2 protein chains.
Amino acid sequence: MATIYEVAKLAGVSPATVSRVFNGAGVSVEKVAAVREASRELRFTPSRAARTLRKQSAEVIALIIPDIENPYFTELARGVEDVAQSAGYSVVLCNTDSDLEKETTYLQIALSENMAGVILAPASDKSDLDDILTAGRPVVTVDRQTDYDTDRVIMDNFRAGKAATENLVRTGFRRIACITGPQDVETAYERADGWRAILRQRLPDLDPDELLRYSTFRVDGGREAMEDLLALPEPPDSVVASNNLLGVGAIQVLTEHGLTPPAFGVSVVGSLPFTTLSPSAVTVVRLPARHMGVTAATQLLERIAGDHQPARTVVLPSSLESATAARTS
Amino acid sequence: MATIYEVAKLAGVSPATVSRVFNGAGVSVEKVAAVREASRELRFTPSRAARTLRKQSAEVIALIIPDIENPYFTELARGVEDVAQSAGYSVVLCNTDSDLEKETTYLQIALSENMAGVILAPASDKSDLDDILTAGRPVVTVDRQTDYDTDRVIMDNFRAGKAATENLVRTGFRRIACITGPQDVETAYERADGWRAILRQRLPDLDPDELLRYSTFRVDGGREAMEDLLALPEPPDSVVASNNLLGVGAIQVLTEHGLTPPAFGVSVVGSLPFTTLSPSAVTVVRLPARHMGVTAATQLLERIAGDHQPARTVVLPSSLESATAARTS
DNA sequence: CTGAAAGCGCTAACAA
DNA sequence: TTGTTAGCGCTTTCAG
């Protein structure tokens, strides 16, 4: 690769002038033209490594997520990417597999690469942000929170859980189970709390503990929990799945048992990815994944630009998508 | 962040020695201990930016894909990631939206960041690899090919298309349509060629041109094409979808028309992501996405390590997953 | 085994 | 507006 010095020599200017041309400072038109010409000729691309070292900051933001194969997070990533891209930042996508150790490694890398900031969907509430925060790098958490005082973008999980459940009650279901994620993940227990609240209010005779299953936020987790629920002495007539993959797993098992929705009520928090079901068969409480990514990226860029106001928490609303499912059995 | 000099001072050694400790060169045990101790105390992490500048190469590989929201590519990404990770390399995931301009931008960034190598799923066969290849950076293409002389990992699309079609014939379907991707994308036309070959051989009375639809490799593309096929004077009784998202779109439309598989034959090249259908309803020719990622990453790492043998092309096999679907209508 | 010192390519004072 | 120059933090000869 050609360097700034070679370009300078060819263009008959100083290296500083070449740098200025590429950074939008005041340079006379003739010299700009000469530099551009020389750059083209030498196929010059400025070295980002040198720039990063010198500026102590790279135009890169890290997006750290627990599961790259979950469409919810790829949708979020799209939001982040679009905003970052148009501001001239690259996004490095890091996959933690919900593993705290991997998460810590990636945070170290972000630091050691001098990345401008981090958007983190925490693997759990025990994330260690000490180093990155004391280094003064901005961090925005998404989807879940931590105990640190950072910007966050979350959604109203409790309401989402309530809405999903309420709709099943309204449709006429009377024995509503719930499958949710790990007990120590806030999106999991908050959505379950929403379900519990509606049960208490509308179906007080039900025993929530009997009908609730904690699981992983994965398809096989949904499958296992659904099997378990169907094996109950008095099985449920409907289920709230607290995320997209759990919903897929539950519906798979139901289908295998001949209990196709909407005969068996299914309500999913988060949209069903690539569903082949007819849209009215399942209640979906849509989560604003893309929007969450856009919001987080925007906030992060503001911080990078030097915004120092106190940490903000943005709560995004969810929306009931198909409230019209009618009971057909 | 602490630097190597501060660590050196605290440990009572020279900066060079600190560097050696972190790079596995010969240093006496006492000094190693002193350096480690000092590093811990100062929370020292070596600056990758400086290292990259000095070594003219970063331990980062770029993975450039056309659609991050397609589970096929995220699965591929997982394969790449796992191999890279265990070799101490980070992966930067770049999303081109099948846009050649974005692809070129990302290739420039890879160069300008001194990344060690690139794994590219080309947006089309017109990708421009001139710069990156003349710079001597190794490139492995996956999924699709280019005209450049690089390593590649592809699969046998023609056979996959044949297998998907053949299975429908065997099941008893007699009017088999095909929905495939853009006409200039090799995975699209090769799979369609497989379909055409079986038609010619087993159902020579059919007019392939009437039953073939080129589209985008996206859900809405599958929907449109399927609608179009169903509106034919003499509609098909079955369809081959040449990728996962097309399959989803086609099945959605079929379901809306009351033509649920397996009554209407559906064969998909690439697995149905997060399907809620019963497994026997649809024929799936599974593509080795993860394996492809693993293979590509392994090859790339070999090149990075200095392997200079002539370019290799690895062709991965696909596998028929549910050949047992019986016609039930 | 260890240290001194040069230099990777760029940016930003400072001077002119 | 332009050039000179120091230095970002690391690795790597070269001496010792």
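Since the structure is predicted, the reported quantities are computational estimates derived from the model, not experimental observations. Proteins come first, then strands; the chains are lettered A, B, ... in the order of their sequence lines, and each starts at number 1.
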Review point. With distance as the sole criterion, is a donor-acceptor pair present between the side chains of A:Y148 and A:D130 under 3.5 Å?
Key: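 Yes, a side-chain donor-acceptor pair sits under 3.5 Å.
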Revision key, fill the gap. B/S/- along nucleotides 7-12 of chain C (protein heavy atoms under 4.0 Å) is BBBBBB
Review point. Between A:K126 and A:D184, is there a salt bridge with N-O shorter than 4.0 Å?
Key: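 Yes, this pair counts.
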Check your understanding: Between B:E59 and B:R51, is the closest basic N to carboxylate O distance under 4.0 Å?
Key -> yes
Practice item. Dump the intermediate steps for ring-ring contact (aromatic ring centres under 6.0 Å, His included) on A:Y5 and A:F44, then the final yes or no. Key: CA-CA 11 Å; A:Y5 288 95; A:F44 167 73; over 10 Å; no
Exercise for review: Heavy atoms of chain A, cut-off under 4.0 Å: which first and last nucleotide of DNA chain D, 5' to 3', fall inside that, if you could look?
Suggested key: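 So the outermost contacting nucleotides come out as D:dT1 to D:dG9.
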Exercise for review: Could you tell me whether A:R218 atom CZ has more than 12 heavy atoms of other residues or ligands within 6.0 Å of it?
Suggested key: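 Not more than 12 within 6.0 Å, no.
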Check your understanding: Considering residues at least two apart in sequence or located in another chain, which fulfil the side chain to side chain contact (heavy atoms under 4.5 Å, CB included) criterion with A:R303?
Key -> A:P138, A:D151, A:D307, A:Q309, A:R312
**Study point:** Residue pair A:T313, A:R152: steps toward the side chain to side chain donor-acceptor pair (under 3.5 Å) verdict
**Key:** CA-CA 5 Å; A:T313 299; A:R152 351 171 200 260; 3.1 Å; yes
